[in-house]
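Values below: every heavy atom of this structure, side chains too, minus hydrogens, waters and symmetry copies.
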Amino acid sequence: MAKYMLIMRGTDESMAKMRETPFEEMLETVGRFNEELIKAGVLVAAEGLDDPGQGVVVDFGGETPVVTDGPYGETKELFGGFYLIDVASKEEAVEWAKRLPALPGSKCEVRRVPGIDEFPQDNEWIVKERAWRERTGQL
């Protein structure tokens, strides 16, 4: 099994459509999809993100980090939420992504999340992280 992140990206069109959709309707649609993921045993995490206008950007382009109010970039560069799923293959992750209850104009980026076992196990920082993951029940 491998973890994949389904990164949901909106556009001006899809964001406008989302604002027009009653909140209860969105919850029902997303809830049904979440239930499918749970029943299939593949859901690890799922979160939506707050309005990008409420965030900040920390830019490391200079000598010291510069903090500015969000949003960062154009709508097409922002992501509004994610699913983290644990599936057998990239193809299975793509199949789940195709079933997302996304609005017209939206996109979903599918990216594998490398596991801790893929890093050098004799590295002191990996050893510490592995111990932390074991203590917190993540391994």
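Here D50 pairs with nothing under the side-chain hydrogen bond (donor to acceptor under 3.5 Å, both in side chains) rule; sequence neighbours left out. With sequence neighbours excluded, the residues forming a side-chain hydrogen bond (donor to acceptor under 3.5 Å, both in side chains) with E95 are K98, listed by chain and number. In this view, E63 satisfies the side-chain hydrogen bond (donor to acceptor under 3.5 Å, both in side chains) rule with no residue, not counting sequence neighbours. Shown here are the salt bridge (charged side-chain N to carboxylate O under 4.0 Å, His left out) partners of E118, two or more places apart in sequence or in another chain: R112.
Atom CE of M18 sits about 8.5 Å away from atom OG of S106, to the nearest 0.5 Å. The structure places CG of D86 at 4.5 Å from CE of M1, a figure rounded to the nearest 0.5 Å.
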Which atom pairs, one a donor and one an acceptor, fall under 3.5 Å between side chains of residues 30-38 and the rest of the protein, sequence neighbours left out?
unit_1: R32; atom_1: NE; unit_2: E28; atom_2: OE2; d: 3.2
unit_1: N34; atom_1: OD1; unit_2: Y83; atom_2: OH; d: 2.6
unit_1: E36; atom_1: OE1; unit_2: R99; atom_2: NH2; d: 2.1

Taking only distance into account, with no hydrogens and no angle test, what donor-acceptor pairs under 3.5 Å do side-chain atoms of residues 122-129 form with protein atoms, sequence neighbours excluded?
unit_1: N123; atom_1: OD1; unit_2: W125; atom_2: N; d: 2.8
unit_1: N123; atom_1: OD1; unit_2: I126; atom_2: N; d: 3.2
unit_1: E124; atom_1: OE2; unit_2: K128; atom_2: NZ; d: 3.4
unit_1: E129; atom_1: OE2; unit_2: R133; atom_2: NE; d: 2.7
unit_1: E129; atom_1: OE2; unit_2: R133; atom_2: NH2; d: 2.8

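In summary, R111 and E109 engage in a salt bridge, as defined by a charged side-chain N under 4.0 Å from a carboxylate O.
Contact check for I85 versus V44: no side-chain heavy atoms found under the 4.5 Å cut-off. For the pair M8 and F79, the minimum side-chain heavy-atom distance is 4.5 Å or more. Using a 4.5 Å heavy-atom threshold, the side chains of Q121 and R130 count as touching. Looking at heavy atoms from C-beta onward, V110 lies in side-chain contact with L6 at the 4.5 angstrom threshold. At least one side-chain heavy atom of E24 sits less than 4.5 Å from a side-chain heavy atom of L27. In this structure, E92 and Y4 have side chains that are not in contact, with every pair of non-hydrogen atoms separated by 4.5 Å or more. Two residues are said to be in side-chain contact when any heavy atoms from C-beta on lie closer than 4.5 Å; V57 and V67 fail this criterion. Counting heavy atoms from C-beta on, the side chains of I7 and K107 never come closer than 4.5 Å.
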Evaluate side chain to side chain contact (heavy atoms under 4.5 Å, CB included) for D59 paired with T68, printing each intermediate quantity in order.
-> CA-CA 8 Å; D59 185 343; T68 57; 6.0 Å; no

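Residues F82 and V113 share a hydrophobic cluster, clusters being chains of Ile/Leu/Val/Met/Phe/Trp/Tyr side chains in contact below 4.5 Å. V87 and L100 end up in the same hydrophobic cluster when Ile, Leu, Val, Met, Phe, Trp and Tyr side chains are linked at under 4.5 Å.
Here the shortest heavy-atom pairing between L43 and A46 reads CD1-CB, 4.0 Å. Minimum heavy-atom separation, V58 to P65: CG1-CB, 3.8 Å. Across all non-hydrogen atoms, the minimal contact from L84 to K3 is CD1-CB, 4.2 Å.
At distances below 3.5 Å, not a single donor-acceptor pair connects side-chain atoms of D69 with backbone N or O atoms of V56. The closest donor-acceptor contact from the side chain of T136 to the backbone of W132 lies under 3.5 Å.
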